[in-house]
Structures are given as C-alpha cells and as structure tokens.
There are 2 protein chains.
Amino acid sequence: MNSRQGDDMREIRRGRETGTLGKLMTLVDLVALSDRPMRFTDILSLSDQPRGTLHRQLSHLVEEGLLEIDRDGCYLPGIRLLSLASRSWARNEFRTVAEPHLRLLQAQTGETVHLGVLRGTEVIYLDKVEGRQSVRMYSQIGNASPAYCTGVGKAALSALDDTSFGARVAGLEFHAYTEHTHRSLADLRADIEAIRRRGCAFDREEHESGICCVAAPIYSDDNDMLAGVSVTGPAYRVTPGKLEEWAPLVKAAAAAIMQDMHSRLGPRR
Amino acid sequence: MNSRQGDDMREIRRGRETGTLGKLMTLVDLVALSDRPMRFTDILSLSDQPRGTLHRQLSHLVEEGLLEIDRDGCYLPGIRLLSLASRSWARNEFRTVAEPHLRLLQAQTGETVHLGVLRGTEVIYLDKVEGRQSVRMYSQIGNASPAYCTGVGKAALSALDDTSFGARVAGLEFHAYTEHTHRSLADLRADIEAIRRRGCAFDREEHESGICCVAAPIYSDDNDMLAGVSVTGPAYRVTPGKLEEWAPLVKAAAAAIMQDMHSRLGPRR
DNA sequence: CTTCTTGTTCCATTATTTGGAACGTGATTT
DNA sequence: AAATCACGTTCCAAATAATGGAACAAGAAG
C-alpha cells in the first residue's frame, strides 16, 4: 500500500482522511483564504491536481453554492456559506448564553467586547458588542486570528495544561505582526505562565499596532471547549492602568459565562 | 453539442449531479436548517441512508468542521462555516459597492435598510444598515427568506421576463405567514405586474405581521444577478404614505448601485 | 437476565473520482 | 491569413473511495 508509509506522526495536514470531502474543502479554503479573486489557472497552480479533475471539482462546488464564479471567470466563496453560517451563529448555544454578559461588560467598560473560541491554534470570533457608533457590524465575527498574539487566544491557551499546550502549539510559526508580537515559543510560554497566575491575558499591541486588550479564559470542565472574552480598544484610551482596572471585570464576566454554561448545558443526558 | 438537449425542465432537484458532495451538503442542510439539535437517529430517519453510511458521512463532515457534535451527541452546524462565510462576506464586491448607498438610504429614511440577492426562489440578505440602537447585529445577514412575500424578493423577481419568471417559480409553494401573504401564483403574478409598472415593490405585512417595506430591484444587464434594496420598519411608523414617499429614494438607491456596479465591475476582461 | 435502542466498526461490492489526452475557442504572434 | 499559444472544457478506461449489510458494543428499559 502506498498509504502513509512510516506512520508519519504529523497529520498536521488538515483532515487528510476525509476522502473526497477533504480535497474539496481544501479548494474552498484556497479560494476563501486568498486575498484576491482566483482564476481557474491560479487555483490549478496552487492545487496539484490535473486540469480535468480540478475542473470537475470546482464545478461541483459551484453547483452546490460553496463557490461562485463571477463574470471574469474568477472563483469566489459562495453565498450559501453565508446562509449556512447565519444558522450556525444564531443557534450557537454558547454564544447565546454569553451574550448578556458581553453586553454587561461592554456597558461597564465602554469599549468593544469580543467572544472567541479556540480552534487549533486560531481564535474564531463568535460575537462582538460595540459601543455607540457601530463602525462596521459583522466585520470581526467569524474572523480567524492566530491565538499566540491575541488576548482571547492567549487566555484560551492558558487553560491548557503543559502537555496539551505543548501538543497544540507544536510546529507553530510566529509571524511578527508588530514589534511586540511574541517571536518564539519560549516568549509565548513565559506569557502563558504569567496569564495562568494572573487569571487574565493582556495584549499590548501584539497583533495590531495601537490596539490593546485584556482577556479572560472560558473553558468547560473537560476542556473540550476553550474560549475567551476580551475588552479591546485603542491604546490611547486603553492604557495599562485601564487594563489592570478592567481585569477583574473581564474575569468576572468569564466566570459568569462558565457558571451559566454549567447550569444550562451541564446537565448532560 | 450535447448542451441542453431537449431542454428538460426538470433539474429542480438541487444539484443531484454533484455526487458525493451533493449528498454531504444535503446532510449539512438537514442539520443547519432544523430548528432543534439533531441526534444521529433523528438524522437517520430523515435521510434514507443505511446507518453505517450515514455514520461515516457525518464523521467526515465533523472532521472537516462543517458540523460539530456537542456533548449530548447532537449535531450542530460547525464554526468553520462562520469562518468561511466571514471571508465570503468581507470580499463580496457587490456588497462593498452597495454599502455607501445603503448608508445614505438609511440616513434619508431613518429606518432599517436591507440588501438581498435572489437565489432560486429565496432571498439571501447580504447586508443591513440600522439606525441608532442596533437591536441585534448580524441577525438578518445570511438569512434566507421566501422571495414571494418579501419586498426585496418580489422586487428582484420583477426584473425577470415572463418566461424566466415562470420557470423560476414553477412548483413554488405558498405558505401563509400572515393574512396578507400571497396565496397563489396568480396573486404573486398580479403583484409582480404592478411592481414592474411602478418600479418598486411593497410588502405590507406579507411576511411578518407589523412589518412593512418598500423595495427596488437591482439587476445586471444579462440578469445573471438579481437583487434588491429595501427600507423596512414597523407598520405604525412605516405607513402607506411613508412607503410612497420613500419609493423614489429606494429606486434612486437601486439605480445608483447598478450604476456603480457597471463602472466597477462592468469592464470585463 | 433479557431485550431494545443507539451508536460504531468491518469489508466485499459498487459507484464515483481520477488523470491523461484530445478538443474548442479566442487572443496574440508570425 | 495562418500558426501559435493560453485557457477552459469534455471524455473515458483505470484507480479509488463510497456504499450497505451485517456484526459488534454499550446502555437503558422491561
């Protein structure tokens, strides 16, 4: 058999065992994560598939509405994704439970509040509550950012024990988004230690210049779900002092959310 | 050419020609569109698949993050959908082009403005601009509603010629959401006629009691894209008089969006 | 203890996907 | 105008993945 000779331990390759679906979703990712619209040939060069095969795969994806093809012949993510996602969002019980607490935290601090869950080494934002001028709704929701340089991400990571943490961040690459971004696993590990002791994470312009935040971890008893809640704002308003001042509020919000999760979802059948 | 031999009008079956992917997406729909979390057996009874087959299919979907399985063993839409959708939304050029016009229309009327595209006989909302208190952001975005009882939907349908219209609504079922909902194809057809003459559609509590709106169609020259823009609000504020008053504004917004579409997307390569 | 119900695994059979090559078509060059 | 090229699309035998029935666990109910 040609399968996976040697029992390679990686398997970092996302779901290489889902057969046809996996190959197709790789294409969806390719299209959705690229910054520019992609033509058939662009995709062809990035995916190592024969032309005929790729063509049929893309056709199927378009047929199913996961991709769309615009008048220039470029492939784009399809709106069916939007439609499915809106269901996923509206019915997400975790988000629903957390929402009132996010609102409270927003009211207490006046700054933007985020709720995000950890998926692999990325944070996916599930909800956002802003103050007055809603700059751009939706925006952040659904967005994926690296865990190692975001408040919510680091907070969530801090809920893992050393072994699980090590396994999860193995092979992680550190991209320097700003001059404050952690450069290595050692940096991150030290920060995580501090976060564990402190009970909350700070992000002082590590992901985006001029943006600071304070975040607290949310986790289920069996750690099958890791998340975080944060208060974020521009550095000129969100000073180190403010961060310290808000830390207890953020921790309280996280605690309250976990509490509610327990009473609403805890009683498992 | 084998193209459309015989011009078979069937093809109503949603993408039954996408092989494995089609079957899997049917399952995703099943889970995403149900109102309650579904257990394995629930899905089993709705999909006519053997147990073993269904189990593997669901496993693959979970593996790929399109579905998730909660601690009760219930299947839910996965957050990867959210993440993909946020890309789809942020990069949607139509939405981007339309946005400033939606804002203007919102400012002019003070009520909520929607942008939606027609997909089959459903409208999918692409964007929404609200006034002061953003009751609940996201909410409507990505939502799918029947075209025959929504302002945006009827407006979009009115851009079709009789033949295309007939083909599209063939077999459409009319569900009576309110006492004003169209009950039959004849009702709808008559309304569409009026909308064509008038250049805009009214929805007077046809989809939801107490909610009225006025909408105008947006379409590309070759009709490969049908959409609409609307102003919506509670019946006590959005009186018949207001609807008439706003009609020109809504039509102007639609016209402006089409204009911009032409100059930004028109020059095809 | 026995009998259901629910979920999971296995594997020969079957259907789908694959990949290479050939075919169109319009643009660019000779 | 003819020849060449870049880009998509279609076809079909061969390779591969999905199928479905049955057997296997593990609880819950009788």
Side-chain angles (χ1 to χ4, degrees), chain A residues 1-5 11 13-28 30-31 34 36-64 66-76 224 267-269, chain B residues 1-6 11 13-28 30-31 34 36-64 66-76 222 224 267-269:
Chain A
M1 271 313 276
N2 59 356
S3 63
R4 323 220 139 289
Q5 75 283 34
E11 276 309 305
R13 306 220 84 30
R14 301 251 316 89
R16 206 57 319 190
E17 280 318 321
T18 50
T20 305
L21 180 63
K23 294 169 204 157
L24 292 175
M25 289 309 294
T26 302
L27 289 179
V28 174
L30 226 154
V31 171
S34 91
R36 318 152 308 130
M38 307 249 277
R39 288 256 254 302
F40 180 84
T41 317
D42 302 324
I43 303 177
L44 181 61
S45 64
L46 290 175
S47 78
D48 47 358
Q49 307 267 36
R51 300 234 293 272
T53 301
L54 181 65
H55 185 261
R56 181 185 33 76
Q57 290 173 328
L58 290 174
S59 302
H60 283 180
L61 289 168
V62 168
E63 187 108 4
E64 285 295 331
L66 298 184
L67 294 182
E68 268 165 30
I69 190 165
D70 72 10
R71 57 182 65 197
D72 301 334
C74 291
Y75 288 87
L76 300 168
D224 71 342
R268 81 184 65 175
R269 39 206 91 148
Chain B
M1 273 309 276
N2 60 355
S3 61
R4 325 216 139 291
Q5 82 281 45
E11 277 309 307
R13 300 218 88 30
R14 300 252 316 90
R16 206 60 317 192
E17 282 318 320
T18 49
T20 305
L21 180 63
K23 294 170 205 158
L24 293 176
M25 289 309 293
T26 302
L27 289 178
V28 174
L30 226 154
V31 170
S34 89
R36 318 152 309 129
M38 307 249 278
R39 288 258 253 300
F40 180 83
T41 317
D42 302 325
I43 303 176
L44 182 60
S45 63
L46 289 175
S47 79
D48 47 357
Q49 307 266 33
R51 298 232 295 271
T53 301
L54 181 65
H55 185 262
R56 180 184 35 75
Q57 290 174 328
L58 291 174
S59 303
H60 283 180
L61 289 169
V62 168
E63 188 108 2
E64 285 296 332
L66 299 184
L67 293 183
E68 269 165 30
I69 191 164
D70 70 11
R71 58 181 65 197
D72 302 335
C74 290
Y75 288 87
L76 299 167
D222 48 356
D224 70 342
R268 83 184 65 175
R269 36 206 95 146

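Basis for what follows: all heavy atoms, side chains included, without hydrogens, waters or symmetry-related copies. Order of the sequence lines sets the chain letters (A, B, ...), proteins ahead of strands, with each chain counted from 1. In this text, all values refer to a predicted model and were calculated from it rather than measured experimentally.
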Colleague: Between Glu64(B) and Thr18(A), is any side-chain donor less than 3.5 angstrom from a side-chain acceptor?
Modeller: yes
Colleague: Rounded to the nearest angstrom, tell me the gap between atom CZ in Arg39(A) and atom C1' in dG8(D).
Modeller: 11 Å
Colleague: In whole Å, what is the span from the CD1 atom of Ile69(B) to the P atom of dT6(C)?
Modeller: 15 Å
Colleague: With heavy-atom distances below 4.5 Å as the criterion, would you say the side chains of Leu58(A) and Leu67(A) are in contact?
Modeller: yes
Colleague: Has His55(A) got a side-chain N or O lying under 4.0 Å from the OP1 or OP2 atom of dG8(D)?
Modeller: no
Colleague: Drop me the distance from Thr20(A)'s OG1 to Leu24(B)'s CG, to the nearest 0.5 angstrom.
Modeller: 8.5 Å
Colleague: How long is the line joining CG of Leu24(A) and P of dT16(C), in whole Å?
Modeller: 15 Å
Colleague: Determine whether Val31(A) and Leu66(A) make a side-chain contact, defined as any pair of heavy atoms from C-beta on separated by less than 4.5 Å.
Modeller: no
Colleague: Between Asp72(B) (CG) and dG7(C) (P), how many Å, whole number?
Modeller: 11 Å
Colleague: Decide yes or no for Thr53(A) and Pro50(A): does some side-chain heavy atom of the first lie under 4.5 Å from some side-chain heavy atom of the second?
Modeller: yes
Colleague: Please lay out, stage by stage, how Leu61(A) and Tyr75(A) fare under the test side-chain contact (heavy atoms from CB on, under 4.5 Å).
Modeller: CA-CA 10 Å; Leu61(A) 289 168; Tyr75(A) 288 87; over 6 Å; no
Colleague: Quick one, give me the B/S/- string for nucleotides 17-30 of chain D, reading 5' to 3', where B means a protein heavy atom under 4.0 Å from the base and S means that only happens at the primed atoms, P, OP1 or OP2.
Modeller: SSBBB---------
Colleague: Between dG7(C) and Thr41(B), is there an OP1 or OP2 to side-chain N/O distance shorter than 4.0 Å?
Modeller: yes
Colleague: Whole Å only: how far is the CG atom of Leu44(B) from the C1' atom of dT6(C)?
Modeller: 10 Å
